[in-house]
There are 2 protein chains.
Amino acid sequence: MGNEAQTHDLDRMKMRGRIMRRSASFNVAHAVDDLGPGTGAQSIQRALSLLGLVGIISSENPNGAPLSEIVAISGRPKASVHRMLNALIAMGYVERCEDGGYRLGVQSQIMGQLAQKSADPAIEESESSLLRLAELTQDTAFLTMRTGSYSICARREDGFGPIFNNALAVGDRHPLGIGAGSLAIMTQFSDAEVDASFDANSRIFADRYPEVSVPRLKEIIRRGRHDGFVHNPGLFAQGSWAIGVPLRVKGRKPRAALSIASIEERMTGARVFELAELLQHEARQIAEAVNSASGEDQT
Amino acid sequence: MGNEAQTHDLDRMKMRGRIMRRSASFNVAHAVDDLGPGTGAQSIQRALSLLGLVGIISSENPNGAPLSEIVAISGRPKASVHRMLNALIAMGYVERCEDGGYRLGVQSQIMGQLAQKSADPAIEESESSLLRLAELTQDTAFLTMRTGSYSICARREDGFGPIFNNALAVGDRHPLGIGAGSLAIMTQFSDAEVDASFDANSRIFADRYPEVSVPRLKEIIRRGRHDGFVHNPGLFAQGSWAIGVPLRVKGRKPRAALSIASIEERMTGARVFELAELLQHEARQIAEAVNSASGEDQT
DNA sequence: CATCCGCGGTCCACATCATGGATCCGACTT
DNA sequence: AAGTCGGATCCATGATGTGGACCGCGGATG
């Protein structure tokens, strides 16, 4: 249960060309089936996965996501996808543009507004920092946030150089431990929490990231605790190296991290420390901004 | 099918005190069960209703929505609500704050961001206009948007006077025709479309708004087409009068509207025309802004 | 012009999956 | 200690979502 997606590998192969350009959707499609059956909420999870997929695809393609593409990437039968999309449309979370493509709807926008009031302000505050980082380093800067035992790419700003890194797009979900930002967050955990997190996701690691060595990750976390930043030497995606620092805010539990990703040549030697320095500086800025902001808006 | 909520009226009575303060949630709870069974997507709709509910409640209550309240308002059994919320949490759309309350999660924020790229820019552009309107009139200004045969309150700004109108909150959904903004949108329809819309929602009107006369609404729409604005003399909520104007943007089909609501005394005589004037002015501003914006961001 | 193919949409028998009443547990109040 | 309230869990039941197969269209192709 969970490898049913394999039966659709052929379909996916056919459109590999398209997917290469957008590993984002690919990742999302593969971060879908957590929380196995028996929990009584599979349809919800599938539907929300679709919603995320629509969001990502349509944010790249100006006139919406065609059904066929959603079907191919999600790996679910066309009829099911169609039915779910209709449900999402009925609820206003998805709309169809004139040309028939699917895109996010008004309700999604509204949810976003509501979410910004109640959820973590780090996403807001991080914007200028990410822009600065992307500008200064000419690489790609990310804000990663934790949710439960997962981490999500919450924001991303590209530098102006040739774009090297498209291994992670806004909205991508990976289990905690996958990605420099994710690892940076985990440096804030206790050893017990780290172990618990990896244990919780052990099956997903085995299924989805068989090439990743958990002990290796734990080692990186340990070193990160000491150094104040983590360094991922291309462990997760071919040629995608990255540095991440945690974002500490007051006494809050759920955490965030900033990271920068680039190719190997730009992620070695002295530059590692320069980048770490930059990241830490911005992380402090954001933390302060969040602190003062949350002090005011008690309305 | 659809009146099952009635069995929970007693529960609701108990917390009427709380609900009075927040008719928003009330409205949402009642805009839930559209698209009857047989469509194969009830669980999705229910789950998304919950999501909206969490959004609205938690946007008002700083430390999240307690399960019991969500249960009471949604009118669904506790176990079901609990299970669905867990699914939403697993997907990152909902989070729990320290005190145990439910609030919107990181994914919801991200969806919002993605949505703003692909969906209607009117919501963005309207902000300053709504602020001006609220400031100038000291009443409450709304942006209403259409989705399918529904209209949604997409934005709301309160004036500084004593707050008279809490009949409509951000995120509230009503069938097209309920509310001044909604009616303003319908002035852009052809007669056939107006009829079709009311027909599509006829059962919902009968169930949920038995006191509303559809012919009366059609009359208001007709007059609105002539005047360029619609005037709702407290038809939907006791003492809540309103004026709305449609928002025309280029050749787009889905539409939006601006409206102002207040008490009867402030919605009669010459002031009606002053307000209509103001609204039309802002509507034009927004339309222009949207036009020029959509011209640029073709990336 | 006939044909094929990709794409979006629909149907419906089947069994998986969500359902919700009952129950339990811990925290807080009287 | 007994009572109350909010949250979490269990599990038999059938309503509900599922997805393979089919349809119709429009645009390329030979």
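Naming convention: chains lettered A, B, ... in sequence-line order (proteins, then strands); numbering from 1 in each chain.
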Does A:K78 get its side chain close enough to the base of C:dG9, under 3.5 Å, for a donor-acceptor pair?
yes
Considering just the side-chain nitrogens and oxygens of [X], establish if one lies under 4.0 Å of OP1 or OP2 belonging to [N].
X     : N      : answer
A:H82 : C:dG9  : yes
A:R83 : D:dG17 : no
A:R46 : D:dG17 : no

Would you call A:Y102 and A:S58 a side-chain contact if the rule is heavy atoms closer than 4.5 Å?
-> no
Ranking A:S43 and A:A79 by the position along DNA chain D of their nearest nucleotide, the one closer to 5' is A:S43
Rounded to the nearest 0.5 angstrom, the CZ-CD distance for B:R103 and B:E95 is 5.0 Å
One should read off an interatomic distance between A:L88 CG and A:L48 CG, to the nearest 0.5 angstrom, of 7.5 Å
note: A:E69, atom CD; C:dG8, atom P; distance rounded to Å ~ 10 Å
Among the nucleotides D:dA8, C:dC7, D:dG7, whichever has the atom closest to the side chain of B:P66 is D:dG7
Quick note, A:Q42 side chain, CB onward, closest among D:dG6, C:dT10, C:dC17 is C:dC17
For A:I185 and A:R255 the tightest heavy-atom approach is CD1-O, 3.6 Å
**Message:** Could you check whether B:Y150 and B:R173, counting side-chain N and O atoms only, form a donor-acceptor pair closer than 3.5 Å?
**Reply:** no
Margin query: Could you check whether B:Q109 and A:Q116, counting side-chain N and O atoms only, form a donor-acceptor pair closer than 3.5 Å?
Written below: no
Terminal axes of the helix from C:dC1-D:dG30 to C:dT30-D:dA1 (5 end pairs apiece), angle rounded to 10 degrees, sit apart by 30°
